[in-house]
Number of protein chains: 2
Amino acid sequence: MNTLAEENYLKAIYHLTENDGNASTNQIASSLNTKASSVTDMLKKLADKALINYTPYQGVNLTPSGEKIALGIIRKHRLWEYFLVEKLNFKWDQVHDLAEEMEHISSEELIDRLDQFMGYPTHDPHGDPIPDCNGRFNTHELKPISAVTINQCGVISGVRNHSSSFLQYLDKQQLTIGCKIMITDIIEYDHSVVVQTGNKEVQISREVANNLLIAL
Amino acid sequence: MNTLAEENYLKAIYHLTENDGNASTNQIASSLNTKASSVTDMLKKLADKALINYTPYQGVNLTPSGEKIALGIIRKHRLWEYFLVEKLNFKWDQVHDLAEEMEHISSEELIDRLDQFMGYPTHDPHGDPIPDCNGRFNTHELKPISAVTINQCGVISGVRNHSSSFLQYLDKQQLTIGCKIMITDIIEYDHSVVVQTGNKEVQISREVANNLLIAL
DNA sequence: TAAAAAATTTAGACTAATCTAAAAAAATAA
DNA sequence: TTATTTTTTTAGATTAGTCTAAATTTTTTA
Ligand SMILES: [Mn+2]
Ligand SMILES: [Mn+2]
Ligand SMILES: [Mn+2]
Ligand SMILES: [Mn+2]
């Protein structure tokens, strides 16, 4: 159906256009660790297949059929991550690269049965929503901790950075998905945030607060 | 490490040389649905990597490191088949093509954890032995039903043909892996075999008897 | 608004894997 | 043991995906 490279491009374009409108050639190149000239070639191919809207020099976005394919890949990625953590006992910082490979297993029936086997989970180990077999998912409003005021409570529900080192740091601070927390202080000098989690208090940098999302 | 094509060639060579000594260029081409000239190119590449012993015009066999890789692929193939049948409720005739894709997921740790998750199964849904993480497996002696004499008992333990149509036929006749059977008659005229299975008797052709293996 | 800088595309080349057609070697038959 | 057939290899081409370097377009700056 589509090659591995095509699928990776569609997924990258999906993520780059999730918020704003168009993805640029350079943005795509950097997110796929490739060169702009390679991207241009692929954009032509995807445009020929009517999976993206492409005007030279103007960047691209997905057509409905391109988005459908991208959501299918993201669904597979997140379901496999859930499987790896919940069934095979991997840690949340170990599964992303494995899922990058597994998301290209083509069978729809396989992924739908895997979904059923795991009880139709709605979120992956990093708090990201898992699209259902029709590509639908509920997009709850999450805020970075850095945007929350003192004395507000919330539940840790997502991360903006998926690197191993960040996830391992959060593990160590016991700041993991599902934890109830309260913001007890914000240091004016450097915008660090003091957070109450369970019985203890931890202080996190502005950088960390920017990348840790809570549901209020 | 190795490309998908290289892995498929190594696996094909492994299976072709399981019994006899060398695999010929044409045998490999036909088992991979490709052309002899493509095979020759790949044989040179695998020989350069010291994964096969190749003398032009003389066919090939695996070196120890080539065999190790082949056994790793076969281990993954059979473990995924077991997973698909035992955990995701696929039928034994539906899993081979899926496993052909899944066997190329590269992580060793993933497959070892999957093995553990399933309780270290020793045989796949078709009765084929699953190599352990060191590539070792016990090779029990199986006989085709066509080689058994009247009144002998045994347990159905393997198949020589893995096609969907054959496996579906066996399902319908309730001749599946693990069934205890007895050979009650052999028709002299066409070598059909009459088999007692559970409470009923079924008659199978010589062709079927050739491809259905039992442990005595 | 013209010059400089940045972004993007084009041109031309490379690798892995495949193919067809032709040449060469090995096996078989007369 | 020579001729024919079969098998295998070589030669040359193709496609997907990538790259570097050069050309072109767009954006920014002065
Ligand atoms: Mn991920
Ligand atoms: Mn994730
Ligand atoms: Mn199989
Ligand atoms: Mn099998």
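Lettering of chains follows the sequences in order, A, B, ..., and the numbering in each one begins at 1.
- Taking only side-chain nitrogens and oxygens, Ser38(A) never comes nearer than 4.0 Å to OP1 or OP2 of dT18(D).
- Across the protein-nucleic acid pair, Gln27(B) atom CD and dT8(D) atom P stand 8 Å apart, rounded to whole Å.
- Comparing dT9(C), dT18(C), dC19(D) against the side chain of Met42(B) picks out dT18(C) as the nearest.
- Residue side chain Ser24(B) does not reach the base of dT7(D) through any donor-acceptor N/O pair under 3.5 Å, judged by distance alone.
- One interatomic measurement links the two molecules: CG of Asn2(A) to P of dA16(D), which rounds to 13 Å at whole-angstrom precision.
- Distance Ile28(A) CD1 to dT8(C) C1': 12 Å, rounded to the nearest Å.
- Pair assignment for dT20(D) gives dA11(C), based on Watson-Crick or G-U wobble hydrogen-bonding distances that are each under 3.5 Å.
- More than 12 heavy atoms of other residues, nucleotides or ligands sit less than 6.0 Å from atom NZ of Lys49(B).
- Here the P atom of nucleotide dT15(C) and the CG atom of Leu4(B) are 21 Å apart, to the nearest Å.
- To the nearest angstrom, P of dA6(C) lies 20 Å from CD of Gln58(A).
- The Asn26(A) side chain lies nearest to dA7(C) when the options are dT10(D), dA7(C), dT7(D).
- Computed from coordinates, the Glu6(A) CD to dT15(D) P distance equals 15 Å when rounded to whole Å.
- Here CD of Glu109(B) is found 10.0 Å from CG of Leu84(A). Values are rounded to the nearest 0.5 Å.
- Within 4.0 Å of Ala5(B), counting heavy atoms only, lie sugar-phosphate atoms of the nucleic acid but no base atom.
- Here Ser37(A) does not reach the OP1 or OP2 of dA11(C): none of its side-chain N or O atoms lies under 4.0 Å away.
- A cation-pi arrangement is absent between Lys87(A) and Phe83(B), since the terminal nitrogen or guanidinium carbon is not both under 6.0 Å from the aromatic centre and inside a 45° cone about the axis.
- Minimum heavy-atom separation, Leu167(B) to Trp92(B): O-NE1, 3.3 Å.
- Residue Tyr54(A) places at least one side-chain N or O under 4.0 Å from the OP1 or OP2 atom of dT9(C).
- Counting non-hydrogen atoms under 4.0 angstrom, Thr25(A) reaches the backbone sugars and phosphates but no base.
- One side chain, Asn161(A) or Ser163(A), offers a donor N or O that lies under 3.5 Å from an acceptor on the other.
- Straight-line distance from the NZ atom of Lys35(A) to the C1' atom of dG12(C): 17 Å, rounded to whole Å.
- Spacing between atom OH of Tyr57(A) and atom P of dA5(C) amounts to 19 Å, rounded to whole angstrom units.
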